[in-house]
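A quick write-up on the structure given underneath.
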Amino acid sequence: MAKASLAAIPNQRPELAQLSDDQLKDAFYRMSLIRRFEEEAEQCYMKGLIHGTMHLSIGQEASAVGTCMALTPSDYITSTHRGHGHCIGKGADPKFMLAEFFGKRTGYCRGRGGSMHIADIEAGNLGANGIVGGGLPIAAGAALSIKMRKADEVVICFFGDGASNEGAFHEALNMASIWKLPVVFVCENNQYGMSMAFSRASSVANVADRAVAYSMPGVIVDGNDLPGVHSVMAQAVARARAGEGPSLVECKTYRTRGHSRSDRNLYRTKEEIEEWKARCPIERLKAELTATGRIGADVLDAITARVNDEIAAAVVFAQESEAPDPSQLAEDVYA
Amino acid sequence: MLDVAPQTEVRELTYAEAIREAMAQAMEADPRVFTFGEDIGTYGGAFGVTGDLIHRFGAERVIDTPISELGMAGVAVGAALTGMRPVLEFQFSDFSLLASEQIINQAAKIRFMFGGKASVPLVIRMPGGSGTGAAAQHSQSLEAIFAHIPGLIVLQPSTPHDAKGLLLSALDNPNPVLIFEHKLLYKVKGPVPAQAYRVPIGQAAIRREGGDVSIITTGIMAVRATAAAERLAAEGIDAEVIDLRTIRPMDVPAIVKSVKKTSRALIVYESVKTLGVGAEISAAIAESEAFDYLDAPIARLGGKEVPLPYNPVLEKASVPQEDDIFNAARALVREGHI
């Protein structure tokens, strides 16, 4: 097909126009990889191949990928219990993630962490977190470290709407503000803290409304819109990198799966879930890329096929990897 | 004992001065080291420990924080994960409970939980203990709560020498270290070498050698027990005083060796007796080869089962004092029980 160019497509919105074809293809790849990874993890769980629990972010892929696209490899993220998308967005390899789900030695945490604790320090992922709000002050600390080292890095702090009612949120934003730290607080507001609706749990209509209390910009963005998320994040990251201080970005989104494996969706309607499924960020990006002629459907379908192969190979890798032995239990124990 | 070169100058410093000197030497030697906490800058710290450090190292490395203990502990974790060596001061150890999420769920877990691929080299210094009339929310000894958690190193220095040497060891350690300092010790003087030196983590000190009874202590109780032991000597009782210095990991071999020698164990600690550090020491003796050597039941003196009261007479009655140790040790040796 003909290579798209900006001049040829005058109606392209600026958020899309500022992204290169390679960036868009990579974003589509990563969003598809997250989706396929989580679908496969869910299948493995249903088949009894994985124990414990997991928190799926299906429907939220654009906020993870759109945000991480604005980063360099040496930038940091802190993640949440719903963090698979953040990991893949920051460059994690799904085969080591699946190996971790399977509890294997080859997993990111050598089978000690599972779904909720994947960290990839070398890639700048300071860790998913099982404690709601746990990553917020850690992100502020990493940002203080960057400032003290006079480094050029920034920190992205992912958290959910539920975390915005934890004290850690308020303490971290206040400290980041008074010290002008290079951190962007990215709230993925998926409307529910487990079953508690954000509207019932919060004194404000939007998490971003709280930014004013900490003298930082508060921006709301459609979290299911990949180019839109990227555009807002690029500005917030540039601001942080320039030493102008933190921002609070709220991505309005939705998890179409339940909170965790025990969720029977008693607190929301089927209609609401279906309505949000129709706003699938991956289908939306695909539709826009093909409609504008930026990327052809054949190219995107080839990416989808590659993703399917990659995840299938990851499952085999995870299943065939060496399991830990109880004799290794005391490794990394120091006190 | 620590090797100190003979040419090294040894001065009399207070416990607070010794900590400050360790901080200054660490900050001079390593640009990654910084300290932060409430009122530690121009104010110099609630107990004067940081003193003039802000004037020597600047407000960028001696950082006043808002009153946000949970946030501060998280900042320490994040800074430690990304290449810095934070030393966090809590104004009172009681306030660490506000930060227990970050200390216990995050700092203690990260190295193991992330498969050994990350470590959290942070130090938290905090004044604990009773005796200042600060009442129930500013006087506790909480070391047992944190020492219960795998992944936390817990120190309790009792002398200016150890306060300096253990802090420098803590800063060398790649893992989270909590240091419980005692408020009543800050103004106590003792010999401190001028150079930087390390007191090894996990190694008890014998404060007085003796053959009749092992008095196994933590923190300020080492000071009281040593004074009590001198009075016991005047009565013909030869007490050995063990100062654990590190609560976790505990120097069990030193305890066992002493009890095998003396055949009697009196355990003295300020934190609440029930489910405290003393229970662990007692169990360690009972589970060891020293059990067969015992001539009397293991005895414990610990804090009373009360929130610490304000009234000074009540406050003193709540934790072991020198007389209590003297009387208990004498009873254990003479009568076989306390």
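Keep in mind it's a predicted model, so treat the numbers as computed, not measured. Naming convention: chains lettered A, B, ... in sequence-line order (proteins, then strands); numbering from 1 in each chain. Atoms considered below: every heavy atom in the structure, side chains included; atoms not considered: hydrogens, waters and symmetry mates.
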Contact class of [X] relative to chain B, heavy atoms under 4.5 angstrom:
X        : result
A/Asn129 : side chain
A/Glu122 : neither
A/Leu136 : neither
A/Ala168 : both
A/Phe169 : neither
A/Leu144 : side chain
A/Ala172 : neither

Tabulate, in ascending numerical order, the residues of residues 86-96 of chain A having at least one heavy atom closer than 4.5 Å to a heavy atom of chain B, or enter 'none'.
->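 Those residues of residues 86-96 of chain A which would need a heavy atom under 4.5 Å from chain B do not exist here.
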Check whether B/Arg61 gets within reach of chain A through its side chain, its backbone, both or neither, counting any heavy atom under 4.5 Å.
->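 Both parts, backbone and side chain.
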Answer with side chain, backbone, both or neither: which region of B/Leu152 has an atom nearer than 4.5 Å to a non-hydrogen atom of chain A?
->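 Looking at B/Leu152, just its backbone touches chain A.
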For residues [X] and [Y], report the shortest heavy-atom separation together with the two atoms involved.
X        : Y        : value
A/Ala140 : B/Val75  : CB-CG2, 4.0 Å
A/Met148 : B/Glu60  : CE-O, 3.1 Å
A/Cys109 : B/Met113 : CB-O, 3.2 Å
B/Phe114 : A/Leu126 : CE1-O, 3.5 Å
B/Ala107 : A/Tyr334 : O-OH, 4.2 Å
B/Ser68  : A/Met175 : CB-CE, 4.2 Å

Is the NZ or CZ atom of A/Arg112 both under 6.0 Å from the centre of the six-membered ring of B/Phe112 and within 45° of that ring's axis?
->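 Because its charged atom sits under 6.0 Å from the ring centre and within 45° of the axis, A/Arg112 does stack over B/Phe112.
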Donor-acceptor contact present, side-chain A/Ser145 to main-chain B/Thr82, <3.5 Å |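 Yes, the answer is positive, given that a donor and an acceptor are paired below the 3.5 Å cut-off.
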Hey, does the side chain of B/Gln102 reach the backbone of A/Gly134 with a donor-acceptor pair shorter than 3.5 angstrom?
->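 Here the side-chain-to-backbone pair exists.
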Output the option from B/Asn173, B/Ile67, B/Asn105 having the highest count of non-hydrogen pairs under 4.5 Å with chain A.
->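 Option with the top pair count is B/Asn105.
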Should A/Val333 and B/Pro150 count as side-chain neighbours, where that means a heavy-atom distance under 4.5 Å?
->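 Not in contact.
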So how far is it from A/Glu171 CD to B/Met72 CE, rounded to the nearest 0.5 Å?
->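 So the gap between those two atoms works out to 9.0 Å.
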